[in-house]
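Below, chain A is the first sequence line, B the second, and so on; all start at residue 1. Basis for what follows: all heavy atoms, side chains included, without hydrogens, waters or symmetry-related copies.
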Amino acid sequence: MKIELTRQKVHNEFAKKVELISGQNLFACYQCGNCTAGCPVAFAMEIGPHEVIRYTLLGLEEETLGVNTYWLCASCLQCTSRCPKGIDIARVMDALRMVVLRKKERKDHIQIPEFPEGFLEKVPQIAFVSGFRKFLS
Amino acid sequence: MGDNGVFVKRAMVIGGGIAGISASIDLGNGGYEVVLVEKLPSIGGRMLQLSETFPTLDCAQCTLTPKTVETGQHPHIKLLTYSEVEQVEGKAGDFRVKIRRKAAYVDWEKCNGCGLCQQKCPSKNPSEFDRGMGLGKAIYTLSPQAVPNKPVINPSNCRYFKEKKCRVCEKICPVGAIDYEQKDRFVEERVGAIITAVGFDLIPRESFGEYGYGEVPDVIDGLAFERLNSASGPTTGEIRRPSDSKIPKEVVFIQCTGSRDPERYMPYCSRVCCMYTAKHARLYKHKVHDGQTYIFYMDIRSTGKGYEEFIQQGMEEEGILYLRGRVSRIFRDGEKVIVWGVDTLTGKKVEISADMVVLATAIVPQKDAKDLAKKLGIKTDEYGFLTEVQRKLRPVETDIEGIYIAGCAQGPKDIADAVAHANAAASKVQVLFAKN
Amino acid sequence: MKRLGVFICHCGANIAGTVDVKSVAEKIGKTEDVAHSADYIYMCSEPGQQIIREAIRGKGLDGVVVACCSPSMHENTFRKAVKSQGMNPYLCEIANIREQCSWVHQKEKEEATRKAEEIIQATLEKVRRNDSLEAIAVAINRRVLVVGGGIAGITASLDLAEGGYEVILLEREPALGGHMAQLSRTFPDLDPAFSGLFLKASEVERHPKIHLHCYSELEDVKGYVGNFELVIRKKATSVDRGRCTGCGICIENCPVEYVSQFERGMGIRKAIDTLYPSSVPNKPVIYREHCRYFIDGSCHRCEEVCPEKAIDFKQEDERISEKVGAVVVATGYELYPKEQLGEYGYGEIPDVIDGLGFERMLSPNGPTKGKIIRPSDGKVPKEMVFIQCVASRDPDRYMPYCSRICCMVTAKHAKIYKEQVPDGQPYIFYMDIRSDCKGYEEFLQKTIEEKRLLYLRGRVSRVFQDDGRVRVLGVDTLTGKMVEVAADMVVLATAIVPSNGVKDLAAKLRATVDRHGFLTEAHIKLYPVESSTKGIYLAGCGQSPKDISDTVSQASATASKIQALLSTDKLLQDPLIAFVDEEICSGCGICVEICPYEAREMDPHRGISMVHSALCQGCGACIASCPNNACELRNGSASQVLRMVDTFVS
Amino acid sequence: MDYLYFPGCTLYTKAKNFDQTARNCSLLLGFELKELKNWTCCGATFPLATDNIMALLPPSRILATAREEGTALTTLCAICFNVIKRTNRLIQGDVEKRDKINNFIEKNYQGDLQVLHYLEILKKDIGFPQLKEKVKKPLAGLKAAAYYGCMLLRPFEEMEFDDKEKPALFEEFLEALGAKAIEFPYKIECCGSFQSVGSPDVATECAYKILGSAIKNGAEAMVSTCPMCTFNIDHKQSDIKQKYLDFNPIPVFYFTQLLGVAMGLDYQTLGFDQNAVDPIPLLKEKGLL
């Protein structure tokens, strides 16, 4: 519930990595919440996209990576098209996925063996190719 | 210098809104002759369209009418309404300005403003003055107490001009003032200084795709709400929604529509919307006690005298719900208008099925501001606001001696600042005349 | 018997919505001396006035009652209309049937209609006994007093002087500039504040038409618009300003040093010193409370070293009297004292300074020559906290209003800080960012993005010293997290309050102030620069907090109003003033003391009280106090009033 | 005029009917879809991470090989169109990445290939009025809701396909076929895309909102241009039915299937067997089969 801020915390590694991978300047975000307002899957998210950006900016790595927000993002770019400050929030969500997937533990977000019966035959390859790119390390 | 090198101590004010009026009255009281050029048929500008003004909620008509009447009757002020500046030549002390007096198709000398033609005119079209909230006649004056109280015919709405039928106004006019053959006339005025107070416009709500491109009838802009709320407006002050004129019980107000949006619309803040939206919400609550108002905002900007207290009073006493966040989308769903917003303070996505939505759209310069500036030879910024020579210490002067700017033509500001700004311009003119 | 006309206004639905105007007009029309009775939707509009003008010409009326809104709205509109037909304007009276009838009785329509009729009948009673009066022409003095030598006073004085009027500029401090002289750079373009100010101030110093009185205050004011009599107290500077060349030798040699208020407690001044380095005028002043000569007579150093022999310890305060036609009040502002802010350390934490303190630190001629250091140990602060809305927007503890400029000042401070200390981190605790003027929002967003300023939306509850650092307990409402910063330095954006002494200055000028001490304007929207007292004009932060460009606009606006006022040689005043019935007056003199405008005088030869027609404002105090009713108000005599009352009660 | 054509892997298998109907309709409309000689999968998502050059290689290879065979390449699937067009834009704009890609795939592609969607050909080259004349069986009375999804429209500056808030191309196409195009607000919202692999129930929710909104506005059928969206809003209707009992499914067509019906293609080529919700009863009811 409480955080201590120092300039190292503000210029933390986590935020820098996310900014590098996504190519976005998180300081430009003035927390207007337009992205959360327009996100079609926000209803299922523990915290909204604008809060994820805020948490990242403040260097709260565990809390940011602990939520399902960036795993639920379907890269539909509705947020990016409406951001008044021109931040590409979809890229930030992708960057967060990359941060987790590129970690040493190489932990995948989905386990293929756990797919239900007949799932592989039913679902088109597009879903697998894009899904595996987004969820497998 | 005039013909014989004399410095012409006569001023021209372009734009008859509250800024133009204030500057003209000051110059008139200072003993100088003023030519006030106004594009619309009568003076008063945007303030004419307002119902009440913040923060005192006194009615705009009552505070404006004494000023317009004073301007109309002022011995030193010559009114050239329904006219536009065509061409400007010369320099300080000797500007020759060519003015186009648009054809009103009514002979203003004969007309005594009895208003019969306006009653009898059969044509009904959405009136631009009422922002489409009500229907206006083809022959019209902007308001019953217009100054000058002379009607004009709008050819694009008039049945005679469109289908060569009707001519009711000509038949009914007791003094035979209607003249369909009237052409634009050109006059030239010789003046020593010019104050440009051409005011502002609003970004049309049709430019917002995410809010329905202006096709959702119950999504209106701030000025339209003013017309709904105005006693002399189309609904005589009752808040009724345009689609089915029912009284809305859930009204959503959205701030920063098109403002503070560098990526897609205007990057600047339009400065007055926080205040007039709070005013709208309070006036709505005064009229619809069981209604609920929501205001989506990012930062509330109430910096003038008594403004912050006005906002806090609105929140506390009238139960206006301020939600900090932008609205991403508005669409119509049967009777209701669905609003997808957010409250960033709770981080929750907020969906409201409202009856009516009022957009506080961005203030932009008048469409013809840029080429008027070209005619005068003064600079504008990329949006078309006139550029002052020094932001801090010389806010009303331009880099051409003798040409000054006043009011929202320089940048969005409220009535109090526009009046002070206009008076400052009048002071510079009086100084210029006194020195020569 | 007079031929009277009655004109009733619908005022759209405001009156006609409640009062049955047609029936009232008809009933009034039957009164025998009412020759004409009419109604119209907007009597104040052009066609409305046309009806009145034609009725006067057509029916030869010699008295008019207009039943409409409050007289303060359109009384002189209708009096002008009546005058244009040759009728004496004071034979036209207003019956207020809107504010005093239709608006307050919206639910009782019949009674409201009857009451409207009675109000009109009462006003007719008054008009029947009104006499024709002529406005009083008063000579005008074409000089102007400007109180306050900040950017507002400077701008107003320059405009007026350039417009050809003599200006008397009073400044309480020894030099011009006000708070702008303390600033380093101005937002949003970050040009140096001092250069622009220095240019204007020297223009004022050199201008032939501006009589500059520094280190002086306004002691007393009498009179009315067009004819104010002032007494100015020029405090003794103990330096002969004529001889002094501003060489500064005395300052170097003066042994006494004390903490300077101008430097916000971070710099020192000598007992003899100028307000700030290269001040305008560049003449020093001896501060007697610090000077050893005045304390115990133990030092003459400045007198000894002064090459021009300009030091004059014997100099006394001087009083000058002046006559002016108008007064501009440009008294500026002060910051809410940080010593009264308990939660921010009562001003005892050295590293917690206020906005102007930081400005002094950033100024090249400031105590640290522009270098940002911690006042406690001189180190460069790396953790820098800025707190907005300190004592502003805080209705029940401090000031309820917003001080308007602190958001931009803080953004400017954070930007300059980041330029000077690239590896430092500024945190800005805010509630709403208010960057609404031209170019401000763009400046702010660009600064935040480029300088990577961390804006934390939330207030700071407490600041306290904690092992050499300043612990800041704040919150970020956007993540809902409590936020704690161990800051090296804290800058408070404290509230703007009126400068001290404004309340009694306003009392002298009979101008009104609001409960915070800001001067009240006549109308917030339409007359923002005029005070409710005629002839007094307001400019700058004395009226309400505003930034430099708005202050300059307002200052020029006052200049415009005054140039218009003084352009005519005669000033017309309402003749509705008191007069004395010389047979009854016993010369007791009660009215002389009671008159708030000093408009009554005893005629020594005849022993009767007299009225100064120009001074009297018709307030009626003398009439009420006169023991034998010798005093009456023109067109407002007791008999008229009693007759009006009768129409209501009978 | 013939067009280089990139079918994409799904159009070879699970969306065969989409590919078949397109090829045959083109012939009837007087142009031919010349399939690219050797092509690989387009990568199915445009890499959003700026340092992910690897993911750019498949679409770049397609662009380079297509450029060797012609000046314009057309696709049917919205996702292939998005990935290839955005990669093309990136190569045009970013010289440094272009050189890196070129030296990796050993090609010298300069970004000068035109990437078109099949609908753009129908509108710009054929023209909807001409298309209207060529229609043999107008789909009179068929209330169809056009579903754009995300990849065709966004990001707006790069795709430049149609208006990002209120696109109209699809509706014009349906009107040209004589059908009644149904406007519904969710036509630009996301179908859940690859979440059907990550969090299937969230994708179901998204699909339900889209279908619900279309039905509420009077739609009898949906039209899509992307196998991913079609899977989510067609095949998932059975899951939706289980969760929302009062939901009654509606058929989902590829736009080329409707074109085929209008052009009188035979039943076999229309490939309705691959549609999850059987469209035949509706078509029969409208007298189109």
Winner by heavy-atom pair count (cut-off under 4.5 Å) against chain A, out of D:A55, D:A276, D:G8, D:C191: D:A55
Flag the one option from D:C41, D:A49, D:C42 with the top tally of heavy-atom pairs under 4.5 Å to chain A. D:A49
Looking at D:F104, I'd like to know if its CZ atom is crowded, meaning that more than 12 non-hydrogen atoms belonging to other residues, nucleotides or ligands lie closer than 6.0 Å. no
Do any N or O atoms from the side chain of D:Q195 and from the backbone of A:L72 form a donor-acceptor pair under 3.5 angstrom? yes
Where on D:F156 is there a heavy atom nearer than 4.5 Å to chain A: the side chain, the backbone, both, or neither? neither
If you measure from CG on D:N232 to CD1 on A:I126, what distance do you get to the nearest 0.5 Å? 10.5 Å
Is the backbone N or O of A:E121 less than 3.5 Å from a side-chain atom of D:K14, with the two atoms forming a donor-acceptor pair by type? yes
Where do A:V41 and D:C206 come nearest, in terms of heavy atoms and distance? CG1-SG, 3.5 Å
At a heavy-atom separation under 4.5 Å, does D:I188 approach chain A through its side chain, its backbone, both, or neither? both
Check against side-chain contact (heavy atoms from CB on, under 4.5 Å), D:R154 and A:C76: CA-CA 8 Å; D:R154 296 189 286 275; A:C76 81; 4.3 Å; yes
How about D:K216: does its NZ atom have over 12 heavy atoms from other parts shown lying under 6.0 Å from it? no
Select one option (side chain, backbone, both, neither) describing which atoms of A:L96 are under 4.5 Å from chain D's heavy atoms. neither
Run through A:F135, A:F132, A:F128 and flag the one making a ring pair (Phe, Tyr, Trp, His ring centres under 6.0 Å) with D:F194. A:F135
What's the shortest heavy-atom distance between D:G43 and A:V129, and which atoms? O-CG1, 3.6 Å
Comparing A:I110, A:V92, A:L20, A:V123 against chain D, the one with the most heavy-atom pairs below 4.5 Å turns out to be A:V123
Honestly, the part of D:E165 sitting under 4.5 Å from a heavy atom of chain A is side chain
Contact origin within D:S199 toward chain A - heavy atom pairs under 4.5 Å: side chain
dist A:M98:CE -> D:N52:CG (nearest 0.5 Å) comes out at 6.0 Å
So for D:A15, is it side chain, backbone, both, or neither that comes closer than 4.5 Å to the heavy atoms of chain A? neither
Smallest separation among heavy atoms of A:Q125 and D:C9, with atom names: NE2-O, 3.4 Å
On a heavy-atom basis, which atom in D:S196 and which in A:F119 lie closest, and how many Å separate them? O-CZ, 3.5 Å
Can you confirm whether more than 12 heavy atoms, excluding those of A:E105, are under 6.0 Å from its CD atom? yes
Engaged part of A:I21 at the chain D interface, taking heavy atoms whose separation is under 4.5 Å: both
At a 4.5 Å cut-off on heavy atoms, which part of D:C77 comes close to chain A: side chain, backbone, both, or neither? side chain
Cut-off 4.5 Å, heavy atoms of chain A, and the answer for D:P47 is backbone
Distance-minimising heavy-atom pair for D:R86 and A:L77: NH1-CD1, 3.7 Å
Taken to the nearest 0.5 Å, the spacing of A:M93 CE from D:L48 CG works out to 11.5 Å
A:C39 versus chain D, the contacting section by heavy-atom distance below 4.5 Å: neither
Looking only at heavy atoms and a cut-off of under 4.5 Å, which of A:A44, A:A74, A:A95, A:C73 has the most pairs with chain D? A:A74
Nearest heavy atoms of D:E189 and A:G38, plus distance in Å: OE1-O, 4.2 Å
D:K100, NZ atom: more than 12 neighbouring heavy atoms under 6.0 Å: no
Taking non-hydrogen atoms and a cut-off under 4.5 angstrom, which of residues 80-91 of chain A neighbour chain D? A:S81, A:R82, A:A90, A:R91
